[in-house]
2 protein chains.
Amino acid sequence: MRINDEYGKLPGSYLFAETARRLKVYQAEHPDADIIRLGIGDVTMPLVPAVISAMHIAVDEMGKKETFRGYGPDYGYDFLVNAIRENDYQPYGIELDYDEVFISDGAKCDVGNIQELFSPDAVIAVTDPVYPVYVDSNAMAGRAGDFLDGKWDRLVYLPCNAENGFVPELPSEHVDVLYLCYPNNPTGTVLTKAQLKVFVDWARENDALIIYDAAYKAFITETGIPHSIYEVAGAKEVAIECCSYSKTAGFTGTRCAYMIVPHEVQGLNSKGERVELNAMWKRRMSTKFNGVSYPVQRAAAAIYTPEGKKQVQEVIQAYLENARVIHDGLISRGIEVYGGINSPYIWMKVPGNMDSWTFFDRLMDKSHVVGTPGAGFGPSGEGYFRLTAFNSLEATKEAVRRFDACLL
Amino acid sequence: MRINDEYGKLPGSYLFAETARRLKVYQAEHPDADIIRLGIGDVTMPLVPAVISAMHIAVDEMGKKETFRGYGPDYGYDFLVNAIRENDYQPYGIELDYDEVFISDGAKCDVGNIQELFSPDAVIAVTDPVYPVYVDSNAMAGRAGDFLDGKWDRLVYLPCNAENGFVPELPSEHVDVLYLCYPNNPTGTVLTKAQLKVFVDWARENDALIIYDAAYKAFITETGIPHSIYEVAGAKEVAIECCSYSKTAGFTGTRCAYMIVPHEVQGLNSKGERVELNAMWKRRMSTKFNGVSYPVQRAAAAIYTPEGKKQVQEVIQAYLENARVIHDGLISRGIEVYGGINSPYIWMKVPGNMDSWTFFDRLMDKSHVVGTPGAGFGPSGEGYFRLTAFNSLEATKEAVRRFDACLL
């Protein structure tokens, strides 16, 4: 039985599996170490009462013949699809058709699976550093080429660093698909509407597709930062947008997300004919997916009720306060810091000439604080380190204090 | 932006989308028709009390800081993985390693995604008729060739029909991967352990992989019919097995399943090296999936408690009684019938010389009963028709009575 060779080209473990492995080894050797995790982007605050209540009601419905639900609609229940259209888009002046919204069990699945619609020859561009799923999912399908000297040789990397203010340059070569994530994971930086417009205009002029990952939009605090790429005129012709309840409402263990695939977005087949990606995605979803758990969709819809909105906003504000504590605390310690204002992520410059994995080990050993090495997010991540705002306020304050031990 | 051309080769809609579309048109024209659905394989009885209770407890845990769960283990929680090993395998003398069990949100996803591990050149064999997902997921990846005269020209079809007793012949050409589903969807037929051993031995001799879909194993009533392919000696070296809670416990709207990928199963890369599929599947799942909802995993685990087992068994017995009613009722009407004994599916020969889509329309029009045309499951399905046992006993009895109107 012949296997897909591309898997053999993937370097080492998936980033978070490797940081978890190192932590496990460290804890086995230092069982008394009181570790504070500012690493993986997992939330810590419980689901809000409005969500819990909606889930209980839905579970009871599943236990009664009259209200039991079997297979749901492949692309999601109308109560959730419409709540998304009315709450996440109409307030920004964006009108979406009912069948442009696809409910899924996670943005990781959506951004991992969307590449199935691209030609095997499609040229992929990513910002660098980058969420590893965009890269790995394309590498598994053979679009990344070979991994040589820390880079995939068929992938187009757009460096984002302190020098360019974390705003990538436009690709200089032909590109079929560009992945953008704003507020950015891992850097926590944002694009203004004017900066995002440059990419939309480029995609329109060059027949390119933008996969826009807006998983962190709930953390935007400043005005002038788009919550959706469709705020930019013309974006509906060139962009697919992914959103998630994981960070918005603490759904990392509950699992719900959605993706917008406008009818206007088209690709070219090898005969040069234009094809709607919406129709392709429908085919993909109805063939390889069977909908999201009914109680989970009810849980997600509860976020859009007046109580739900208020309760979720309190949680977001708490995480943003943690982000501020890290941001301000590291700056006061003389560290260069980015992100953390419209994002739960803080991207710090590694002090001295240490590489980011060395700093990971050192921070764990000296301060008992776990973060994520920038190099794990791509070549331009080297020299940087990601911290997250998802721990408790006390633990976050303590972690910042402990940086002194690591910096000495 | 260049798209994946293979999608353009897929014929028409996904089968159940097409039957649903025809039903919708019919209902619009005949709003008073009292339709009985014996079509899509969706359950109708509610989740059992043990499952409901476990889900409520898990939902409450998600609402409290102390017991909240964020990202779960990528491959499933230990409480569910171990319940599967101890209840679904050890009683049959099968020992599985902890990391050979992968929890997912559906067997449709698993059997749709597993082909990502195969070489683009791999030769795929399916029994015919067949659950469309095996075919379509490989077609989307370019392994099926072109769809000509109702067949994919690179796919190997193994006909199953009344003439061969629904036991497929071994492939006569080289095959990398064979999909088998027993109890079978759509025919409801089974293989004895001796019949299944022929395929395991063939796979071992020919370096082939078997994807064994055991989604309907809970319906096995006769002795000598394997509940798992691993009951056959040597199968752990050549088989991946998919199982689902959809039909076992009414989880079609709740979403939970599992797949077994033994360490012994290996494939060949293009250098001729042997590679563990278990390691590849781990990489796939940790890159493009984020685990199943925690309350849903608790719900699934409740099926293995003493009360859960008893309650689920009562539901299964009720569906099997429906199957018996259809089976015996059609036979008494002179119709040739297969399946329905170890399966919720009844596979009937279409009376006269009608094709199966014509019979679909006729049964809907004359009897107001909806089934699934055999031709939708592959070329050898033509001339047959699938009925399912998932409606209520009364509706099932009434549907069988109504066949008279269609047969006249």
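Chain A is the first sequence line, chain B the second, and so forth, proteins listed ahead of strands; every chain is numbered from 1.
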Would you say the side chain of [Y] lies within less than 4.5 Å of the side chain of [X], judging by non-hydrogen atoms?
X: B:His56; Y: A:Asp60; value: yes
X: B:Phe68; Y: A:Thr44; value: no
X: B:Lys288; Y: A:Met140; value: yes
X: B:Gln115; Y: A:Asn4; value: no
X: A:Met1; Y: B:Val265; value: no

- Enclosure of B:Arg37 CZ (heavy-atom neighbours >12, cutoff 6.0 Å): no
- Check each of B:Phe289, B:Tyr294, B:Tyr71 against A:Arg255 using the side-chain contact (heavy atoms from CB on, under 4.5 Å) test, and report the only one that passes. B:Tyr71
- Hey, which residues of residues 269-279 of chain A are touching chain B, say heavy atoms under 4.5 Å apart? A:Asn269, A:Ser270, A:Val275, A:Leu277
Identify which of [options] forms the greatest number of heavy-atom pairs closer than 4.5 Å to chain B.
options: A:Gly63, A:Gly70, A:Gly267; value: A:Gly70
options: A:Gly291, A:Gly112, A:Gly253; value: A:Gly253
options: A:Ser392, A:Ser286, A:Gly72, A:Ala107; value: A:Ser286
options: A:Asn206, A:Val51, A:Leu117, A:Asp121; value: A:Leu117

Under a 4.5 Å cutoff for heavy-atom pairs, which residue among [options] has the most contacts with chain A?
options: B:Asn290, B:Val133, B:Asp136, B:Asp207; value: B:Asn290
options: B:Phe118, B:Phe251, B:Phe390; value: B:Phe118
options: B:Asp110, B:Val48, B:Val177, B:Leu209; value: B:Leu209
options: B:Thr67, B:Val43, B:Val175, B:Leu47; value: B:Leu47

Can you tell which part of [X] gets under 4.5 Å to a heavy atom of chain A, answering side chain, backbone, both or neither?
X: B:Lys65; answer: both
X: B:Asp105; answer: side chain
X: B:Val296; answer: side chain

- Note on the structure: So CE of B:Met280 and CG of A:Leu10: to nearest 0.5 Å the spacing works out to 9.0 Å
- Task: Calculate, to the nearest 0.5 Å, the distance between atoms CD1 and CD belonging to B:Ile52 and A:Glu61 respectively.
- Result: 10.0 Å
Give the minimum heavy-atom separation between [X] and [Y], together with the two atoms involved.
X: A:Thr287; Y: B:Ser137; result: CG2-N, 4.3 Å
X: A:Arg284; Y: B:Tyr7; result: CG-OH, 3.2 Å
X: B:Arg283; Y: A:Pro11; result: NH2-O, 3.4 Å

Contact origin within [X] toward chain B - heavy atom pairs under 4.5 Å:
X: A:Val238; value: neither
X: A:Asp5; value: side chain
X: A:Arg69; value: backbone

- Any chance you could lay out the side-chain contact (heavy atoms from CB on, under 4.5 Å) test for A:Ser293 and B:Thr254, step after step, and finish with the verdict? CA-CA 4 Å; A:Ser293 185; B:Thr254 306; 4.3 Å; yes
